[in-house]
Asker: 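So that we are looking at the same thing, I have put the structure below in C-alpha cells.
Here the structure is a predicted model, which is why all the values come from computation and not from measurement. Throughout, protein chains are lettered first and strands after them, A, B, ... in sequence-line order, and every chain is numbered starting at 1.
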There are 2 protein chains.
Amino acid sequence: MPETRPAVSGGLDPRGPAGSNLLFLREEQMRLAQDMLFFAYRDFTGAADVILDELGLGRAHHRALHFIGRTPGMTVGDLLAILRITKQSLARVLTALVDQGYVAQLPGRSDRRQRLLSLTDAGQALERRLFERQRERLAVAYREAGGPAVEGFRRVMRGVMEPAARAYMEQAESAIRPAARPSTQPNTQIVR
Amino acid sequence: MPETRPAVSGGLDPRGPAGSNLLFLREEQMRLAQDMLFFAYRDFTGAADVILDELGLGRAHHRALHFIGRTPGMTVGDLLAILRITKQSLARVLTALVDQGYVAQLPGRSDRRQRLLSLTDAGQALERRLFERQRERLAVAYREAGGPAVEGFRRVMRGVMEPAARAYMEQAESAIRPAARPSTQPNTQIVR
DNA sequence: TTGGGTAAGTCAACAAACCTGTCGTATGAT
DNA sequence: ATCATACGACAGGTTTGTTGACTTACCCAA
C-alpha cells in the first residue's frame with residue numbers, strides 16, 4: 001500500500017523542516033475546502049429534494065425558479081448566462097415551469113423579442129417552500145458560526161467565483177447595505 | 001434620510017417597523033448564500049473540466065479520484081456512503097478508472113469480500129493535475145480573504161453539512177492540527 | 001426599404017450520469 | 001447449514017446536459 005498520506009495516528013509528521021511542513025499545511029487546507037464544498041453543496045441542495053420529487057421536478061427547475069425569483073424581469077438570455085447551460089436544456093425546464101403555471105413570460109417593453117421572466121403567485125409559493133427547507137439548514141450554520149464567521153464565509157466564497165459571478169453578487173449584496181455608496185447608480189430591477 | 005431598505009423598483013418599502021426589516025435582512029442573507037453556493041460550486045468544479053474533457057472523464061470520475069486519494073484503503077461501501085449515489089453509478093465510474101489504470105483494488109485483509117481502493121501512481125498524478133487547477137482558484141480566494149475569514153468560511157460550511165459529513169470533516173481536519181488534544185483516540189486511516 | 005444581426009423558440013439526435021430492480025458470487029458470521 | 005454482507009453485473013428508465021440546423025420575430029442602420 002502506497003504511503004501517500006501522513007501518519008495521522010499520533011506519530012510525528014514524517015516531513016522535514018518547517019518549510020515543507022507549511023507547504024503541506026496549505027495544501028491540506030485546500031483539500032479540506034474541496035471536501036467541504038462537496039459536502040455542503042450536496043447537503044444544501046439535497047434539502048429541497050423531497051418537495052421537488054413530489055412535484056416531479058428536478059434541481060434544474062429549482063435553480064431556474066430561484067434565479068427568476070431573485071431577479072424578476074430577467075430575460076432568457078440573462079438566465080442562460082447565469083446557469084451556463086445550453087438553450088435547449090433551459091428551454092425544457094422553462095416550458096415545464098410555464099406549462100405548470102409557475103413562471104410567466106411577458107414580452108419586453110423596449111425589445112419585444114425578449115420574454116421577460118417572472119414567477120407567478122404559484123411560482124413564488126413553490127420557491128418559498130423550497131427555500132424554507134434550505135433556510136433551516138443555513139440558519140443553523142449561521143447561528144452556530146456567528147456573525148464574523150458569516151462575513152468570512154462570504155469573502156471566501158466571493159473569491160472562488162469567477163469575476164462575472166462576483167459582479168452579480170455585488171449587485172445582489174447591495175440590497176443588504178443600502179446606505180453604502182449613494183453615488184452608485186440605483187439597483188434597478190432588470191426591466192427592459 | 002436613507003431608507004432602511006433599498007427601493008428596488010422605485011416604490012416605498014411596504015414593510016413595517018424594524019422588526020420585520022431585520023427579518024428581511026436575515027432572509028436576504030440566506031438568499032445571498034444560496035447564490036454564492038451555486039456560483040462557487042459551479043466555478044470551483046468547473047476549473048478542472050478542461051483536463052477531464054481531454055481524457056474523456058467527467059466530474060463523477062473526479063469526485064471518486066478525490067475521495068480515494070483522500071482516504072486510500074477505503075472500501076467501495078465507504079465511497080458509496082460519501083458520494084450518496086447508487087452502486088451502479090459508482091460501478092460505472094470505478095470500472096472506468098480501474099480499466100484506465102488510475103485506481104487499484106486490493107482484497108481486504110480482514111474481510112476478503114471487500115476491495116480496498118487506492119490510487120495508482122498514474123491516478124495520483126492525474127488527481128494532482130486536477131487539484132492544481134482548483135487550488136489556484138482557492139488560493140486566490142484564501143489570500144484575498146485572509147486567515148480569519150477562512151476560519152469563518154469553514155465554520156459556516158461545517159454547519160451546512162449533515163452530521164455524518166461533519167464527522168468526516170472532523171477526522172480529516174485533525175491532519176492540520178496534529179498536536180491538538182493528544183488524548184483523543186488516533187485517527188487511523190481506513191484499513192481493514 | 002432592405003438587409004444584417006440578435007433574442008428566442010423548436011426539432012432532431014445524442015451523451016453523461018444518475019436511477020430502480022434484480023440476480024449472482026464470494027465471503028463472513030451464527 | 002443458513003443467513004447476511006460486499007461487491008459486481010445486467011436490463012431498462014429518467015434527468016439533465018450537449019450540438020447543430022432551422023424558423024420567427026424583431027431591432028437597427030445603411
Asker: A side-chain contact here means heavy atoms from C-beta on lying under 4.5 Å apart; do Y41(B) and T45(A) qualify?
Answerer: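 They are not in side-chain contact.
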
Asker: Does the side chain of D78(A) reach to within under 4.5 Å of the side chain of L117(A), using non-hydrogen atoms?
Answerer: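 No. Closest side-chain heavy atoms not under 4.5 Å.
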
Asker: Answer whether the closest heavy-atom distance between the side chains of E173(A) and R154(A) falls below 4.5 Å.
Answerer: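 E173(A) reaches R154(A) side chain to side chain.
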
Asker: Can you tell me how far apart CG (L65(A)) and CG (L97(A)) are? Round to the nearest 0.5 Å.
Answerer: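 Separation between the atoms: 5.0 Å.
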
Asker: Is it the case that over 12 heavy atoms from other parts of the model lie below 6.0 angstrom from the CG atom of D121(A)?
Answerer: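 No, the 6.0 Å shell around CG holds no more than 12 heavy atoms from other groups.
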
Asker: Charged N to carboxylate O under 4.0 angstrom, R166(B) versus E170(B)?
Answerer: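 Between E170(B) and R166(B) there is no salt bridge, as every charged N stays at least 4.0 Å from the carboxylate O atoms.
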
Asker: Test side chain to side chain contact (heavy atoms under 4.5 Å, CB included) on L119(B) and V103(B); report intermediate values, then the result.
Answerer: CA-CA 5 Å; L119(B) 299 184; V103(B) 166; 4.0 Å; yes

Asker: Looking at DNA chain C, which of residues 39-54 of chain A put a heavy atom within less than 4.0 Å of it?
Answerer: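 Nucleic-acid contacts, sorted: none.
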
Asker: Let me confirm one number: the CG-CG distance from L83(B) to L94(B), rounded to the nearest 0.5 Å.
Answerer: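 One gets 9.5 Å once the value is rounded to the nearest 0.5 Å.
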
Asker: Which of residues 57-64 of chain B have a heavy atom under 4.0 Å from DNA chain C?
Answerer: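 Residues of residues 57-64 of chain B that come under 4.0 Å of DNA chain C are, in numerical order, G58(B), R59(B), A60(B), H61(B), R63(B).
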
Asker: What's the separation between atom CZ in F38(A) and atom CD1 in I82(B), rounded to the nearest 0.5 Å?
Answerer: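 F38(A) CZ to I82(B) CD1: 8.0 Å, rounded to 0.5 Å.
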
Asker: Between CG of L138(A) and CZ of F153(A), what distance do you get to the nearest 0.5 Å?
Answerer: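 So the gap between those two atoms works out to 6.5 Å.
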
Asker: Looking at side-chain heavy atoms only, is the closest gap between M30(B) and Q134(A) below 4.5 Å?
Answerer: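 Heavy-atom side-chain distance check fails, nothing below 4.5 Å.
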
Asker: Can you tell whether the side chains of D49(B) and R59(B) come within less than 4.0 Å, N to carboxylate O?
Answerer: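 So D49(B) pairs with R59(B) through a salt bridge.
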
Asker: Taking DNA chain D as the partner, which of residues 79-99 of chain B come within under 4.0 angstrom of it by heavy atom?
Answerer: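 Within this stretch, K87(B), Q88(B), T95(B) sit under 4.0 Å of the strand.
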
Asker: Are the charged groups of E127(A) and R70(A) less than 4.0 angstrom apart, N to O?
Answerer: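 No, no charged N to carboxylate O under 4.0 Å.
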
Asker: So, are E132(A) and R135(A) salt-bridged, with charged N and O less than 4.0 Å apart?
Answerer: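 Answer for the salt bridge query: yes.
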
Asker: Would E151(B) and R155(B) pass as an ion pair if we require N to O under 4.0 Å?
Answerer: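 No, E151(B) and R155(B) are not salt-bridged.
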
Asker: How far does the helix from dT1(C)-dA30(D) to dT30(C)-dA1(D) bend, going by the axes of its first and last five pairs, to the nearest 10°?
Answerer: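 Helix axis angle between the two ends: 20°.
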
Asker: Could you tell me if R137(A) sits above the aromatic ring of F44(A), with its cationic atom closer than 6.0 Å to the ring centre and no more than 45 degrees from the axis?
Answerer: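 Judged by the rule (NZ or CZ under 6.0 Å from the ring centre, within 45° of its axis), R137(A) is not positioned above F44(A).
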
Asker: Between which nucleotides of DNA chain D, 5' to 3', does chain A make heavy-atom contacts below 4.0 Å?
Answerer: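 Extent of the interface on DNA chain D: dT16(D) to dC27(D).
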
Asker: Going 5' to 3' along DNA chain C, between which two nucleotides do contacts with chain B fall, using a heavy-atom cut-off of 4.0 Å?
Answerer: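 With heavy atoms of chain B under 4.0 Å away, the range is dA17(C) to dG28(C).
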
Asker: Should H61(A) and Q100(A) count as side-chain neighbours, where that means a heavy-atom distance under 4.5 Å?
Answerer: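 No, every pair of side-chain atoms sits at 4.5 Å or beyond.
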
